[in-house]
Each structure stands twice: as C-alpha cells, then as structure tokens.
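The structure under discussion appears below in the form of structure tokens.
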Amino acid sequence: MDIVQSSRAYFAMPSPTPEEKITLQASNTVYTYHCLCSHLLLATTTPLPALPTRQNSQDKAHIMPLPPAPSSSNKSESNSHYGLLLSMRQERTAEIMTSDDGFEKRYLQRCGRCNLAVGYQLDWAQFGSDRTGRRDDVVFLIPGGFMTTSEMINYKKSTSAAANGA
C-alpha cells in the first residue's frame with residue numbers, strides 16, 4: 001500500500017482550536033529520552049520536568065503537545081515547542097481507567113522494544129468536543145518510564161565499571 005494513500009486521512013484531520021492548544025517556551029536544545037530498557041523513545045525541545053503535569057490525575061503525567069500535521073501555511077516559530085515520539089507502539093483499542101473522580105478512555109503508548117506503557121492519549125469525547133477518537137495533538141507521558149540519554153550513559157558506565165571490579 002502506498003504510504004501517501006494510507007496516511008492521507010491522518011493529515012486531513014483538522015487542527016486543534018487555539019483553546020485546545022498548549023503553549024510552551026522551548027530551547028534550541030533537543031532533549032532525548034529512553035525507555036528503562038534503553039530504547040530511544042522521545043525527542044523534544046522542552047525537557048520533561050518543564051512540561052506541565054496533569055493535576056487531576058493520580059499519575060501526574062507530563063503533558064506534551066505533539067506537532068500539527070505539516071502544511072505549506074504552517075510555519076513554525078523558532079522558539080516554539082516541538083516533540084516527537086520515536087519507536088513507540090500505539091494501542092489500537094482504548095482502555096477504560098476508573099478512579100474516584102470517574103473514568104477516562106486511554107489509548108496507551110508502549111515501548112517498541114519491551115512493551116512498557118510509557119504514555120497515553122485520551123479520547124476527544126472527554127474534552128466535550130464534537131470530534132471522536134484518539135486525541136492526536138497531545139500525549140501524556142507517565143513519570144518513571146523515561147531516562148535521559150546522559151542518565152542511560154552514566155548507568156551503563158557504572159554497571160560496566162562494577163562488572164570490571166572497579
């Protein structure tokens with residue numbers, strides 16, 4: 001199947017309204033994050049600790065906006081946030097999560113190597129929108145499922161030194 005044909009429906013989705021967008025200040029640095037199994041999962045111009053977190057959720061997940069679909073009229077500013085999911089496997093069916101406050105429909109994002117759930121996307125219906133299905137403009141990243149590239153390198157160095165008797 002032609003990739004252009006198969007992705008056309010995704011790119012034809014309408015962009016979020018200004019009220020639905022999240023604005024962040026970003027740097028010129030790209031921060032990379034790995035799964036606990038060391039698989040590269042995420043690249044972003046805003047470090048995870050600087051992202052807003054869900055306050056009304058038990059997981060306190062980081063809220064990361066995803067880039068809009070590319071278009072000729074969509075010129076990004078030099079100081080806008082950009083985040084990209086890499087090597088994550090997206091669940092096709094949603095899981096219903098319950099809590100004392102009610103329930104929510106989550107589409108899990110899993111590590112492409114070890115299958116660890118590292119994030120999720122919510123259903124548009126939970127935002128009072130006329131749209132249906134998975135909300136593709138934002139991902140919620142579960143704390144504790146990521147390590148920075150430098151943390152991964154330092155961990156590998158320390159375990160290597162310990163194995164060599166240092």
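In this text the structure is predicted, and so the values were computed from the model without any measurement.
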Residues Q90, R134; criterion side chain to side chain donor-acceptor pair (under 3.5 Å); working and verdict: CA-CA 11 Å; Q90 196 173 85; R134 182 177 6 95; 2.8 Å; yes
Mind listing the closest non-hydrogen atom pair of S57 and D59 along with its distance? OG-OD1, 2.8 Å
Separation of H62 NE2 from L42 CG (nearest 0.5 Å): 10.5 Å
Residues in side chain to side chain contact (heavy atoms under 4.5 Å, CB included) contact with L36, at least two apart in sequence or another chain: L116
Do the ring planes of Y120 and F140 sit parallel (below 30°), tilted (30 to 60°) or perpendicular (above 60°)? parallel
For the side chain of T159 and the backbone of Y155, is there at least one donor-acceptor N/O pair under 3.5 Å apart? yes
Quick check: does any side chain N or O of T45 sit under 3.5 Å from a backbone N or O of Y82, one acting as donor and the other as acceptor? yes
Starting at CG of L141, measure out to CG of L51 and round the result to the nearest 0.5 Å. 7.0 Å
Have a look at Q121 and tell me which of V138, D136, D137 forms a side chain to side chain contact (heavy atoms under 4.5 Å, CB included) with it. D136
May I ask you to list the residues sharing a hydrophobic cluster with M147, side-chain cutoff 4.5 Å, ordered by chain and number? M152
Answer with yes or no whether the side chains of S150 and T148 bring together a donor and an acceptor at under 3.5 Å. yes
Which pair of heavy atoms, one from L66 and one from G83, lies closest together, and at what distance? CD2-O, 4.1 Å
Quick one: pull up CZ in R106 and CE in M97 and give me the separation to the nearest 0.5 Å. 4.5 Å
Counting only heavy atoms not in F127 (residues, nucleotides, ligands), do more than 12 fall under 6.0 Å from its CZ? yes
Start with the C-alpha gap between L48 and F146, add the side-chain angles, then the distance that decides, and say whether side chain to side chain contact (heavy atoms under 4.5 Å, CB included) holds. CA-CA 9 Å; L48 286 186; F146 296 92; 4.1 Å; yes
So which atom in W124 and which in T132 form the shortest heavy-atom distance, rounded to 0.1 Å? CD1-O, 4.0 Å
Enumerate the residue pairs fulfilling salt bridge (charged side-chain N to carboxylate O under 4.0 Å, His left out) with a member in residues 110-120, sequence neighbours excluded, ordered by first and then second residue. E91-R110
Quick check for you: to the nearest 0.5 Å, what is the distance between D123 atom CG and R135 atom CZ? 11.0 Å
Lys NZ or Arg CZ of R92 over Y107 ring: under 6.0 Å, within 45°: no
To the nearest 0.5 angstrom, please state how far the NZ atom of K60 sits from the CD1 atom of I63. 10.5 Å
State which residues pass side chain to side chain contact (heavy atoms under 4.5 Å, CB included) with A43; sequence neighbours excluded, sorted by chain then number. V30, T32, L86
Which heavy atom in C114 sits nearest to a heavy atom in C111, and how many Å separate them? N-SG, 3.5 Å
Could you list the cluster mates of I153? Members are the ILVMFWY residues connected by side-chain heavy atoms closer than 4.5 Å, either directly or through other members. none
What I'd like to find out is whether the side chain of T46 reaches to under 4.5 Å of the side chain of Y31, using heavy atoms alone. no
Roughly how far, to the nearest 0.5 Å, is CG of L108 from CD1 of I142? 6.5 Å
Derivation of the side chain to side chain contact (heavy atoms under 4.5 Å, CB included) call for C35 and L41: CA-CA 6 Å; C35 177; L41 295 179; 3.4 Å; yes
Heavy atoms only: give me the nearest A94-K105 pair and the separation to one decimal. CB-CG, 3.4 Å
Taking the side chain as every heavy atom from C-beta outward, state whether V118 and M88 have any pair of such atoms under 4.5 Å apart. yes
Members sharing F103's hydrophobic cluster, built from side-chain contacts under 4.5 Å between Ile, Leu, Val, Met, Phe, Trp and Tyr, are I96
